[in-house]
Structure formats: C-alpha cells, structure tokens
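Data first, discussion second: the structure below is written as structure tokens.
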Amino acid sequence: MINVAIDGPAGAGKSTVAKAAAKQLGYIYVDTGALYRAVGVYALRNNISTTDAEKIGAALDSIRVELKFIGGVQHVFLNDDDVSEEIRLPEASMAASNVSAIPAVRSFLFDLQRSIAAQNNCIMDGRDIGTVVLPDAQVKIFLTADDEERAMRRYKELKEKGSEVTFKEVLDDLRERDYNDSHREIAPLKPAEDSVLVNTTGMTLEESTQKIIEVIKEKI
Ligand code: DC
C-alpha cells in the first residue's frame, strides 16, 4: 500500500490539502485528529477533565472510536454515534490537544491508524504520522505556515460558520495548542528526519495542494 504522512501544526491547511490531493490520486484521506477529537468529545460529554490522565485512561474501556468512509468521506463514530460535526466545535480542539498528551490515549488509537494504512492507499494527516504511526511511509511531508496566517484561516472558517470568536481568541488558542502539541513528552509534533518541509505562508490552498501533489509524485 502507498502511505503518505502529512504532519504539521493546527491550521496549516493539512486537511484541505490532503483531502484534495487524495481525491486527485484516488487514495483515501484519513484525518487522525478526528480520533483524538472523538475522545475529547467523550470527556466533555461526560464531564471528565481532559487533563486527568487517570480518569481518561479508565474511561477508555467505555469508548469505541471508529472511522467509516461514506462516499469517500470520513465519518467518525463514538460508540455508534456519528460525531463528525460535534468534533469540530472549538472546545473539542483543546480537549483533543489535552487528551492527546495522555500515553494511554495514544496507544488506544494507534492500532486503528495502523490497520487503516495497512489496508488502503492513503494520505494520513496528524502530528506524529511520519515519526511514530507510519515510520515507513513512502512520502512524509511536514506542512506548516506562520501562526498568524494559520490563525487567520481558522478565524475566517469559524466566522463563516457564524461563530462570534475574535481573531485574538483564535490566535491565542492556536498558540496554546501548538505549544501543547510540540512540548508533550509522548510523540510531540516535529518533522520526521526524512520529511519534506512545505511552508504554505502566502500560498493559496490551491497552490499548496499542487505543491503537495508534486512532492508525492516525485517520490512515488
Ligand atoms: O488535526 P486536529 O487539529 O484535528 O487535531 C486535534 C488535536 O489532536 C491536536 O491538537 C493534537 C492531537 N493530535 C495528535 O496528537 N496526533 C495526531 N496524529 C493528530 C492529532
């Protein structure tokens, strides 16, 4: 199977770019952040602190996370409930970042990611795909952009959905998540040694997508 790993910080455009590239290449697109978000949503729904490693660890026995590809589009199920929309709420972002620092959560989601990649040609995006989940991926890309530009993209997205957030709130939130994700002890966000670095600052999503496809085609 051909596996492409795309890692990078929040708001770098990973999902849009990976989705478009996967469509063009006929691969499935796997958004691993959605898995951490589903665990985060479980904690929020059940009033469990997302930083309480012990309680979250104990709750994993009651959590079943599944990915289903409906018409090529990924849907995330939490205990048979389609939470694909709910996981996009801003509070789910920080919850996901918090639970993702808990080792038990990472190992809980590891096999699922590995088995999807073993069975499908896919582009998988996340934080540790090239470094931990798929160290043998044929292509590894580290996608990034300046934090203000990433925050602006996220801010516009949220505004379009009718959210009342301010740009500063989005930027602060994003910086906190960047810090969390790259400073945790387990599987921190960092480029794999054999990854291709792509900085999309000043590039449109269309340009970023073309660049990614170019990198993939060069490698395979
Ligand atoms: O990609 P995203 O913003 O949907 O991810 C949400 C959080 O999940 C992110 O802040 C960190 C965590 N995450 C992770 O630790 N490892 C991954 N492979 C994907 C996401």
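Atoms within each ligand, like the ligands themselves, are counted from 1 in listed order. These values consider heavy atoms only, across backbone and side chains, with no hydrogens, waters or symmetry-generated copies.
At distances below 3.5 Å, not a single donor-acceptor pair connects side-chain atoms of Lys140 with backbone N or O atoms of Ala5.
Among residue pairs with one or both ends in residues 174-189, those qualifying as side-chain hydrogen bond (donor to acceptor under 3.5 Å, both in side chains) are Ser97-Asn180, Ser97-Asp181, Ser100-Arg184, Arg127-Asp181, Asp147-Arg175, Arg150-Asp178; sequence neighbours excluded. Annotation: side-chain hydrogen bond (donor to acceptor under 3.5 Å, both in side chains) contacts involving residues 38-47, sequence neighbours excluded, comprise Arg45-Asp81, Arg45-Glu86.
For ligand 1, the atoms sitting less than 4.0 Å from at least one non-hydrogen atom of Asp128 are 16 (N), 17 (C), 18 (N), numbered in the order shown with element in parentheses.
At a heavy-atom distance under 4.0 Å, atoms from both the backbone and the side chain of Ser97 approach ligand 1. Of all the heavy atoms of Met94, none lies under 4.0 Å from any atom of ligand 1, so neither backbone nor side chain is involved.
Protein heavy atom closest to atom 8 (O) of ligand 1, with residue, atom name and distance, is Tyr36 CB, 3.5 Å. For atom 7 (C) of ligand 1, the closest non-hydrogen atom of the protein is Ala96 CB, 3.6 Å. When only non-hydrogen protein atoms are considered, atom 10 (O) of ligand 1 lies nearest to Asp181 OD2, 2.7 Å. Shortest contact from atom 17 (C) of ligand 1 to any protein heavy atom: Arg127 N, 3.3 Å.
For ligand 1, none of its N or O atoms has an N or O atom of Asp125 under 3.5 Å away. Checking only distances, Thr32 does come within under 3.5 Å of ligand 1, N or O to N or O.
For the residue pair Glu206 and Gln210, a side-chain donor N or O sits within less than 3.5 Å of a side-chain acceptor on the partner.
Nearest to atom 16 (N) of ligand 1 by heavy atom, out of Arg106, Arg37, Lys14, Arg177, is Arg106.
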Checking side chain to side chain contact (heavy atoms under 4.5 Å, CB included) for the pair Asp173/Arg154: CA distance, chi angles, key distance, verdict? CA-CA 11 Å; Asp173 206 71; Arg154 189 51 57 95; over 6 Å; no
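The OG1 atom of Thr144 lies 11.5 Å from the CG atom of Asp7; values are rounded to the nearest 0.5 Å.
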